[in-house]
Every structure is written in C-alpha cells, then in structure tokens.
Number of protein chains: 2
Amino acid sequence: MSPLNETAKLSRRAEVRRAQILDAAAICFVEQGFHGAGMARIAEQAGMSAGHIYHYFENKDAIIEALVDRESELHSEKMLGFHAIPRDQLLQELVERADEGVRTQTDPFQSALNLEIIAEAQRNPLIAEKLRANDTETRLAFQKLLGETLGLSDVEGRVELMFTLFGGLPIRILRNPDLDREALLRYLRKVIRAVLAD
Amino acid sequence: MSPLNETAKLSRRAEVRRAQILDAAAICFVEQGFHGAGMARIAEQAGMSAGHIYHYFENKDAIIEALVDRESELHSEKMLGFHAIPRDQLLQELVERADEGVRTQTDPFQSALNLEIIAEAQRNPLIAEKLRANDTETRLAFQKLLGETLGLSDVEGRVELMFTLFGGLPIRILRNPDLDREALLRYLRKVIRAVLAD
DNA sequence: AATGTTAGAATGAACGTTCGAAATAATACT
DNA sequence: AGTATTATTTCGAACGTTCATTCTAACATT
C-alpha cells in the first residue's frame with residue numbers, strides 16, 4: 001500500500017464519520033434547535049459517545065459550521081445547474097421547475113433545517129457570513145443568467161424578488177401548514193413570467 | 001379610593017412592569033436569541049432583579065408567549081386596517097403601501113425579532129399555534145378583502161403568494177444586508193398588480 | 001402595623017467539554 | 001505464522017460552568 005492510499009483511506013473513514021455526525025446533528029437541530037440539542041443526544045443519534053465527537057469536530061459550533069457549508073454547497077449546485085439550459089428553453093424551464101422549488105422549500109425537514117440555520121445566523125457572525133457569501137454567489141450567478149441568457153436589464157431587482165419569494169416559503173409553511181401548494185403555484189408561475197418578461 | 005380604582009391602578013402598574021419586561025426581553029432575544037439570553041441579562045435590561053421577573057411571568061416561556069401575543073396583535077391591527085379603504089382606492093393603496101411593508105419587514109430590529117419568534121415556533125408548539133392562529137385570522141381577512149372588495153376569485157393562491165413575499169423579507173435582508181430596496185420595490189409593485197389583477 | 005414589592009444569594013439541574021483508560025486495529029519482530 | 005509492541009479509535013465518567021428558578025429577608029407604601 002502506498003502512503004497516499006493509506007491517507008486516502010483514513011481520510012475517507014474520517015469523512016464518513018463526519019458525515020454521520022452531520023446527519024445526526026441535522027436531525028437533532030430540526031427536532032430541538034441548535035441550542036436545545038445536547039451533544040449527548042447528537043452522539044446517541046450518530047451511534048457514538050459524546051466525547052468521541054470531539055475527535056472530528058473542535059466543538060459544537062464547528063458542527064453547525066460544517067452543516068451550513070454542506071447545505072450551501074448543495075444550494076450552489078442547484079442554482080448553478082440552470083446555466084446548462086439553452087436560452088430558448090430557459091424561461092419555460094424556470095416556470096416549470098417552480099413546483100420543484102416549492103416542494104423543496106416546503107419540505108418539512110428541509111425548511112425546518114433552513115430556518116434553524118437562519119436563526120443561528122442571527123447571533124453567530126461566522127454563520128451569517130457563510131450565508132451571505134452563498135447568497136452573493138448564487139445571486140450574481142442568477143443575475144448573470146437573466147442578463148446574459150435572457151437579455152434582461154435591471155436584473156438586481158428581479159433576482160431579489162425571486163429570491164425573496166422562494167426564500168420565504170419555509171416561513172410560509174410554518175405559519176400555514178395547510179398551505180395549498182397548487183393554488184400558490186398558479187400565481188407563482190404568473191409572477192415568474194411577469195418578473196422575467198421584458 | 002374605591003376598590004375598583006385600586007385594582008385598576010395596581011393592574012395598570014403591573015401592566016407597565018410587564019411591558020417593561022417584554023421590551024427588555026425583545027432586545028435581549030434579538031441580541032442573543034431566546035435561549036442565549038439569560039434571565040439575569042433580561043432583568044438587567046428591564047432594571048430589576050432576576051428573581052423579580054417571576055412575579056409577573058410564571059417562567060421564561062411565558063415571556064416569549066406574551067411577546068408573541070403582543071406582536072400578533074400589532075400585526076392583526078395593521079392587516080385589518082386595509083378594510084377601511086374604499087374599494088376604488090384599494091388596489092392603488094396596496095401598491096403604494098408596498099414600500100411601507102418592505103421598510104417594516106426589513107427593519108433590523110423587527111425582522112430579527114420576527115425570525116427569533118419563527119425559530120422558537122419550530123420547537124415550541126404553543127408558539128407555533130399562536131403564529132398559525134394569527135396567520136389564519138389575517139389570511140382570511142385578506143382573502144375577504146380581495147374577494148368582496150376587489151371582486152377577485154381564487155383568492156387563496158393570491159393571498160398565499162403575497163404573504164410568502166412579505167413574510168420572506170426578514171430572511172432576505174439577513175442573507176443580503178445590502179439589499180437594494182428600491183430595485184426590489186419596482187418588481188414588488190409589478191407583482192402586486194399582476195397578482196391582484198383579474 | 002400590614003401588605004405589597006424588591007433584591008440577591010442559594011439550589012439543583014443541564015450542558016459542553018476534557019481526560020484517562022479500555023478496546024481494537026496496525027505494525028514490527030522473532 | 002505467531003507474538004509483542006505501538007497506534008488509533010472509542011467510551012463514559014468527571015469537571016466546571018451556566019442558567020432558570022426558588023427562597024428568605026429587607027424595603028417601601030398605605
């Protein structure tokens with residue numbers, strides 16, 4: 001075995017463990033909140049002792065930081081995926097994918113985790129910075145998409161409106177769990193067309 | 001002094017004290033979150049001892065409950081205010097008052113407090129119920145407004161979209177503190193017209 | 001004097017974190 | 001190959017701190 005192989009194996013092992021902890025932490029944070037979830041509870045969910053978590057994360061804060069990084073990456077990937085769509089199908093695709101966005105953003109687990117991260121960002125400057133960096137990245141990418149591919153002007157306002165709308169869905173589903181997604185979608189599609197039309 | 005007068009005076013006194021505590025708690029919750037803010041810190045901000053707060057509130061949970069009640073009432077009043085507008089001015093008014101809504105919902109203190117309440121609602125069923133009751137009340141009132149005053153059909157979807165949009169602003173301002181409110185407003189007004197048109 | 005009001009120390013529970021030892025895996029040596 | 005040695009992983013008990021809450025006694029007001 002080459003040293004490279006060994007290190008890679010060890011790293012992979014550690015990565016699996018880290019992912020295990022992050023999965024457990026996500027569940028606990030959703031159920032009890034970041035401050036409500038104790039390390040003991042997270043450890044139990046991850047199937048290891050509390051003390052052992054500290055071999056993979058410096059402290060509790062580091063766990064939520066890693067969790068935010070992981071979520072940010074997923075979010076970025078989704079957003080950057082739009083760039084692969086040919087320009088003559090883009091508007092149509094955006095309208096049609098609206099319901100996928102609604103489904104994701106109103107998913108009980110995902111929306112709860114999003115809100116938990118948002119709440120933490122309010123008093124943890126590092127988390128806030130991570131969210132803002134991710135927002136800037138995806139916002140500029142979407143602006144570029146609307147400007148270059150669809151040839152729109154005044155892209156800042158259009159993107160802010162779309163981001164406000166989809167970003168607001170987790171709160172919406174919390175305030176009205178019986179939300180009629182289809183009724184909302186009818187007007188959401190109308191809004192997308194109105195905002196992304198010249 | 002009549003007993004009535006005495007009781008009224010005492011009640012008023014107690015009400016002032018309660019309001020003092022709620023004001024202090026709101027500040028602390030915004031700064032450190034519900035779980036991060038200690039009773040000692042709240043007491044200091046309110047200008048009294050920690051133990052004394054328990055003469056006005058049974059426990060810490062009761063404070064946030066009262067705070068949510070107070071915010072809900074303010075929210076309801078604002079929403080119900082639209083009913084006083086004559087029908088031929090309503091659409092115009094709604095479009096024009098959009099910037100007032102944006103200002104309120106993106107105000108640093110107010111939006112932070114809103115998000116704090118949202119976060120607490122995620123794991124405190126009583127708070128969640130209060131938010132949902134308030135949402136149902138204001139949602140139905142707004143649906144009635146659109147249906148009866150503007151004569152619109154399919155009001156559920158229209159209202160859900162508008163509520164998602166304004167409700168999403170606190171998250172938006174957190175993710176992008178440099179949000180260009182004017183740019184957003186240009187499209188927000190467009191959306192209001194598109195959603196509230198027949 | 002009596003009743004209502006306040007302060008702040010005391011209490012007990014919960015939590016994040018540390019630590020030393022036990023178990024397990026990996027490596028070296030005969 | 002089989003044993004000895006070293007390294008790594010894992011555990012769970014112990015520590016120190018923090019925090020909500022209670023309690024007792026002092027203070028003010030009527």
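Below, chain A is the first sequence line, B the second, and so on; all start at residue 1. The basis for the numbers below is simple: all heavy atoms, side chains too, and nothing from hydrogens, waters or symmetry mates. Small disclaimer: the values here were computed from a predicted structure and weren't measured.
Applying the ring-ring contact (aromatic ring centres under 6.0 Å, His included) definition to pairs two or more places apart or across chains, those involving residues 145-170 of chain A are A/F142-A/F163. Among pairs with a residue in residues 142-161 of chain A, those fulfilling side chain to side chain donor-acceptor pair (under 3.5 Å) read A/D154-B/R186, A/D154-B/Y187, A/R158-B/Y187, A/E160-B/R172, A/E160-B/N176, at least two apart in sequence or across chains. Contacts classified as salt bridge (Lys or Arg N to Asp or Glu O under 4.0 Å) and involving residues 39-64 of chain A (residues at least two apart or in different chains) are given here: A/E31-A/R41, A/R41-A/E44. Within the structure, every pair that satisfies the side chain to side chain donor-acceptor pair (under 3.5 Å) test and touches residues 125-134 of chain B, not counting sequence neighbours, is listed here: A/R175-B/N134, B/D69-B/K130, B/H75-B/N134, B/S76-B/N134. Listed by first and then second residue, the salt bridge (Lys or Arg N to Asp or Glu O under 4.0 Å) pairs that reach into residues 89-102 of chain A are A/E93-A/R97, A/D99-A/R103, sequence neighbours excluded. The salt bridge (Lys or Arg N to Asp or Glu O under 4.0 Å) pairs that include a residue from residues 107-127 of chain A are A/E116-B/R123, A/E120-A/R123, A/R123-B/E116, where partners are two or more places apart or lie in different chains.
At a threshold of 4.5 Å between non-hydrogen side-chain atoms, the residues A/I63 and A/M39 count as touching. Residues A/L67 and A/L113 have side chains in contact (heavy-atom distance under 4.5 Å, counting atoms from C-beta outward). Looking only at side-chain heavy atoms (C-beta outward), A/I171 and A/L174 stay at 4.5 Å or farther from each other.
A/R41 comes within contact range of no nucleotide atom at all, as no heavy-atom separation falls under 4.0 Å. If you check every strand for non-hydrogen atoms under 4.0 Å, A/A37 touches sugar and phosphate atoms only.
Distance OG1/A/T106 to CG/A/L184: 9.0 Å, rounded to 0.5 Å.
Taking the side-chain contact (heavy atoms from CB on, under 4.5 Å) definition, one finds that B/S111 meets it with B/P170, B/I173, sequence neighbours left out. Checked against salt bridge (charged side-chain N to carboxylate O under 4.0 Å, His left out), A/R70 has the following partners two or more places apart in sequence or in another chain: A/D23.
Between C/dT6 and B/R17, a contact under 4.0 Å exists linking OP1 or OP2 to a side-chain N or O.
Residues from residues 18-29 of chain A placing a heavy atom under 4.0 Å of any atom in DNA chain C do not occur. Contacts between residues 46-58 of chain B and DNA chain C, defined by a heavy-atom separation below 4.0 Å, involve B/M48, B/S49, B/G51, B/H52, B/H55, B/Y56, listed by number.
Ring geometry for A/H55 versus A/H52: interplanar angle of 30 to 60°, hence tilted.
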Using the 3.5 Å cut-off, write out each protein N or O paired with an N or O of nucleotides 15-18 of chain D and the distance between them.
none

Would you list the protein and nucleotides 11-14 of chain C atom pairs, both N or O, that sit under 3.5 Å from each other?
none

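If you take CD1 of B/I64 and P of D/dA20, they are 12 Å apart, rounded to a whole angstrom. Separating the CG atom of A/N59 from the C1' atom of C/dT18 is a distance of 13 Å, rounded to the nearest angstrom.
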